[in-house]
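Presented below is the structure to which this report refers.
Each chain gets a letter, A, B and so on, in the order the sequences are listed, and its residues count up from 1.
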Amino acid sequence: MTEEVRVRYAPSPTGFLHIGNARTAIFNYLFARHAGGKFVIRIEDTDQKRNVEGGEESQLKFLKWLGLEWDESVDIGGAFGPYRQMERLDIYKKYYQELLDKGFAYKCYCTPEELKEEREQQMAHGQTPGYSGKCRHLTPEQIAAFEAEGRKPTLRFRVPEDETIEFNDMVKGHVTFHSSDVSDFVIVKQNGVPTYNFAVVVDDHLMKMTHVLRGEEHISNTPKQIMLFHAFGWQEPTFAHMTLIVNENHKKLSKRDNSIVQFIEQYKNMGFLPEALFNFITLLGWSPKGEEEIFSRDEFIKLFDAERLSKSPAMFDKSKLEWMNGQYITKMPEDDYVAMTIPYLVNAGLLPQEMTDAQKDWARRVVLLYKEQLHYGAEIVQLSDMFFNKTILKTELTKDEEKILSGEQASDVLSAFNRELKALDSWTAEVIAPLIKVVQKETKQRGWKLYMPIRVVATGSQHGPELPEALELLGRDLVLKRMDAYLEKQQTV
RNA sequence: AGGGCGUUGGGCAAGUGGUUAAGCCAAUGGAUUCUCAUUCCAUGAUCGCGGGUUCAAUUCCCGUACGCCCUCCCA
């Protein structure tokens with residue numbers, strides 16, 4: 001019988017969910033679901049100083065928003081709880097006591113200051129920084145003396161002298177470390193709380209994790225953890241160290257990096273869709289077999305294969321994300337699209353909070369004009385700008401606009417069109433469109449020379465959606481005012 | 001400084017001991033269109049560098065450069 005696959009995403013609540021976190025969570029999730037196994041979320045909150053208020057909540061909230069579901073965690077419980085490390089202190093105690101009793105660990109009375117100085121000395125002499133092992137063989141008298149001083153010890157793991165630690169990484173292949181490159185590391189801090197490297201091992205064992213998929217930055221922690229597994233006589237899980245995600249400068253994405261939008265919440269606020277983000281993030285450091293790039297969550301579950309995790313760093317390509325999100329927006333149901341975009345216009349003060357049915361309908365039509373080209377929700381504000389800018393007569397024209405209006409034909413076209421528009425008793429794209437043809441016949445102008453003058457004067461911009469519909473939505477009043485104002489100015493000049 | 005890992009066109013990325021070295025994004029050029037957008041077509045890599053193994057290497061081995069990660073009483 002094969003063991004049930006169990007994997008976990010183990011965030012520390014030191015911040016909100018960012019791209020890197022999300023990627024790790026997604027891969028674990030896909031791996032578990034693909035194998036029909038369990039996906040667990042465990043909160044690693046042993047660094048109380050760095051924990052931030054709301055961090056844990058935010059992690060779960062945005063994971064859920066992205067479409068992940070988990071089988072065990074702080075919020076829904078499970079058979080292997082508690083799932084918050086600070087609630088597992090008693091459990092850890094039993095295990096580190098065991099290591100102490102068996103001589104795998106010892107008490108270290110060095111102060112942080114002493115250690116820091118030691119490190120700096122080593123660096124200054126060009127040596128590899130690392131703990132010297134000073135407290136490895138303390139006599140009972142020395143210990144008593146330290147205790148009498150009121151010093152509180154940390155617990156350090158006694159790293160074996162001359163041992164090769166190796167493992168088969170699902171991504172990197174065979175990886176080897178030598179124990180002499182690892183110095184005795186702290187497993188329990190002065191305050192009695194275990195460190196990450198210790199707690200992970202105990203938890204992963206107790207929670208029966210079969211695989212550990214995590215970021216590559218953990219690869220050098222792995223030998224430490226393996227030594228702990230061995231000290232306990234436990235079988236270590238299979239490791240998979242995923243590529244880092246790097247920014248445009250090829251640096252690891254860090255929470256403090258401002259060159260890139262990091263947090264899932266920010267993407268949500270900008271109007272990125274969870275499906276698109278999920279899709280995009282999954283393609284960071286992993287690739288499917290064929291040529292397709294757009295996949296649903298269920299398709300990913302079916303396809304996911306850890307063999308195809310890539311070894312080299314993935315760069316976060318914002319423009320591709322925008323493209324991908326645009327693909328999802330294009331396929332979105334119209335109602336959803338409208339519901340997503342309108343709030344951005346309201347927030348920008350361009351639309352009233354409370355709208356009449358007519359206003360709603362108008363806004364809907366405006367917004368729908370851009371459905372195919374919108375990359376993300378917030379972009380609607382700039383894209384639809386021409387429907388909210390009520391300037392009658394532009395005073396400053398761009399070079400192109402000047403060129404468009406300077407032609408002799410421009411005024412003819414404009415006055416002819418203006419006259420036709422005024423004769424209209426209704427105002428819809430359907431009745432406006434034929435008028436352009438009428439003007440075409442009358443002035444013998446067509447194409448660029450026909451449309452552009454009208455567009456520039458009536459809409460105030462040389463770019464925009466289909467002219468007749470744009471004019472309809474701009475409204476009769478505004479369009480006529482603009483044309484009149486322009487023509488009048490032409491005459492006075 | 002030590003250890004680990006990586007290196008395929010601007011970005012992502014597939015792939016193989018002998019191929020025209022996929023595909024996507026971006027860029028540029030072109031076609032269509034009143035413009036933007038859309039759509040379509042086109043354009044670009046001697047696979048970091050040097051050596052070796054081999055009839056043959058981007059693919060295997062060694063070295064080197066560069067990059068990144070770790071070396072914390074952070075995770």
Fill in: Complement of B/U20, any strand, by Watson-Crick or G-U distances under 3.5 angstrom
none

Practice prompt. Please tell me which of the listed nucleotides, B/C12, B/A26, B/C5, lies nearest to the side chain of A/V175?
Written response: B/C5

Worksheet item: Paired with B/U59 by Watson-Crick or G-U wobble geometry, both distances under 3.5 Å: which nucleotide is it?
Response: none

Worksheet item: Got a salt bridge between A/R151 and A/E147, using NZ or NE/NH1/NH2 to carboxylate O under 4.0 Å?
Response: no

Worksheet entry | Mutual orientation of the aromatic rings belonging to A/Y29 and A/F39 [parallel < 30°, tilted 30-60°, perpendicular > 60°] | perpendicular

Worksheet entry | Reported CD-to-CD1 distance for the pair A/E163 and A/I226, which is rounded to 0.5 angstrom | 11.0 Å

Practice prompt. Kindly indicate whether a cation-pi arrangement holds for A/R156 with A/F185, taking the cut-offs as under 6.0 Å to the six-membered ring centre and within 45° of the axis.
Written response: no

Fill in: For atom CD of A/E293 and atom P of B/G11, their distance in whole Å
16 Å

Worksheet item: Does A/K371 NZ have over 12 foreign heavy atoms under 6.0 Å away?
Response: yes

Worksheet entry | C1' atoms of B/C25 and B/G17, separation to the nearest Å | 32 Å

Fill in: Salt bridge A/R119-A/E117, side-chain N to carboxylate O under 4.0 Å
no

Worksheet item: Counting only heavy atoms not in A/Q48, do more than 12 fall under 6.0 Å of its CD?
Response: yes

Practice prompt. Answer with yes or no whether A/K320 presents, from its side chain, a donor or acceptor under 3.5 Å of a partner atom in the base of B/C24.
Written response: yes

Worksheet, complete the sentence: Closest to the 5' end of RNA chain B, once A/T176 and A/M315 are matched to their nearest nucleotides, is A/T176

Worksheet entry | Base paired to B/U54 (Watson-Crick or G-U; both N/O distances under 3.5 angstrom) | none

Worksheet item: If the sugar-phosphate is the primed atoms plus P, OP1 and OP2 and the base is the rest, what is the B/S/- string for nucleotides 62-75 of chain B, using protein heavy atoms under 4.0 Å?
Response: ------SSSSBBBB

Practice prompt. In whole angstrom, give the distance that lies between atom CG of A/N325 and atom P of B/C24.
Written response: 20 Å

Worksheet item: Reading nucleotides 31-43 of chain B from the 5' end, what letters show protein touch, with B for base, S for backbone sugar-phosphate only, - for no heavy atom under 4.0 Å?
Response: ---BBBSS-----

Discussion item. Taking the P atom in each of B/G6 and B/C62, what is the distance between them to the nearest angstrom?
Written reply: 13 Å

Worksheet, complete the sentence: Atom CD1 of A/I245 and atom P of B/G6 are separated, to the nearest Å, by 18 Å

Worksheet item: Name the one of A/F278, A/F280, A/Y328, A/Y267 that satisfies ring pair (Phe, Tyr, Trp, His ring centres under 6.0 Å) with A/F272?
Response: A/Y267

Item to complete: State which of B/C24, B/C5, B/G3 makes the closest approach to the side chain of A/K172.
Response: B/C5

Fill in: C1'-based separation of B/C66 from B/U19 [nearest Å]
30 Å

Worksheet item: Between atom CZ in A/R308 and atom P in B/G23, what is the gap in whole Å?
Response: 16 Å

Item to complete: With a 3.5 angstrom cut-off on both distances, give the Watson-Crick or G-U wobble partner of B/C69, or none if there isn't one.
Response: B/G3

Discussion item. Could you tell me the Watson-Crick or G-U partner of B/U64, where both distances fall under 3.5 Å? Say none if there is no partner.
Written reply: B/G48

Fill in: A/S287 side-chain N/O to B/A13 phosphate OP1/OP2 under 4.0 Å
no

Worksheet item: To the nearest angstrom, how far is A/F167 atom CZ from B/G4 atom P?
Response: 11 Å

Practice prompt. First locate atom OG1 of A/T14, then atom CG of A/N21, and finally report the distance between them rounded to the nearest 0.5 Å.
Written response: 8.0 Å

Response to the item:
In whole angstroms, the gap separating P of B/C5 from CE of A/M170 amounts to 17 Å

Worksheet item: Taking only N and O in the side chain of A/K311, is any of them less than 4.0 Å away from OP1 or OP2 of B/G6?
Response: yes

Worksheet item: Got a salt bridge between A/E216 and A/K172, using NZ or NE/NH1/NH2 to carboxylate O under 4.0 Å?
Response: yes

Practice prompt. Can you tell me the distance, in whole Å, between the CD atom of A/E322 and the P atom of B/C12?
Written response: 17 Å

Worksheet item: Between B/A14 and B/G23, how far is it from one C1' atom to the other, in whole Å?
Response: 7 Å

Worksheet item: Applying the side chain to side chain donor-acceptor pair (under 3.5 Å) test to A/H241, which of A/H218, A/E217, A/R214 qualifies?
Response: A/R214

Practice prompt. Check the distance between B/C24's C1' and A/N279's CG and give it to me in whole angstrom.
Written response: 11 Å

Discussion item. Roughly how many Å apart are B/A45 and B/C36, using the C1' atom of each and rounding to a whole number?
Written reply: 33 Å

Item to complete: Please measure how far the C1' atom in B/A56 lies from the corresponding atom in B/G18, and state the result in whole Å.
Response: 6 Å

Worksheet entry | B/U54 to B/G11 separation - P atoms, rounded to the nearest Å | 36 Å

Worksheet item: What is the base-pairing partner of B/U39, counting Watson-Crick and G-U wobble geometry with both distances under 3.5 Å?
Response: B/A31

Worksheet item: Do A/R136 and A/D184 meet the salt-bridge criterion of a basic N to acidic O distance under 4.0 Å?
Response: yes

Worksheet entry | Same-atom distance (C1') from B/U53 to B/U59, integer angstrom | 14 Å

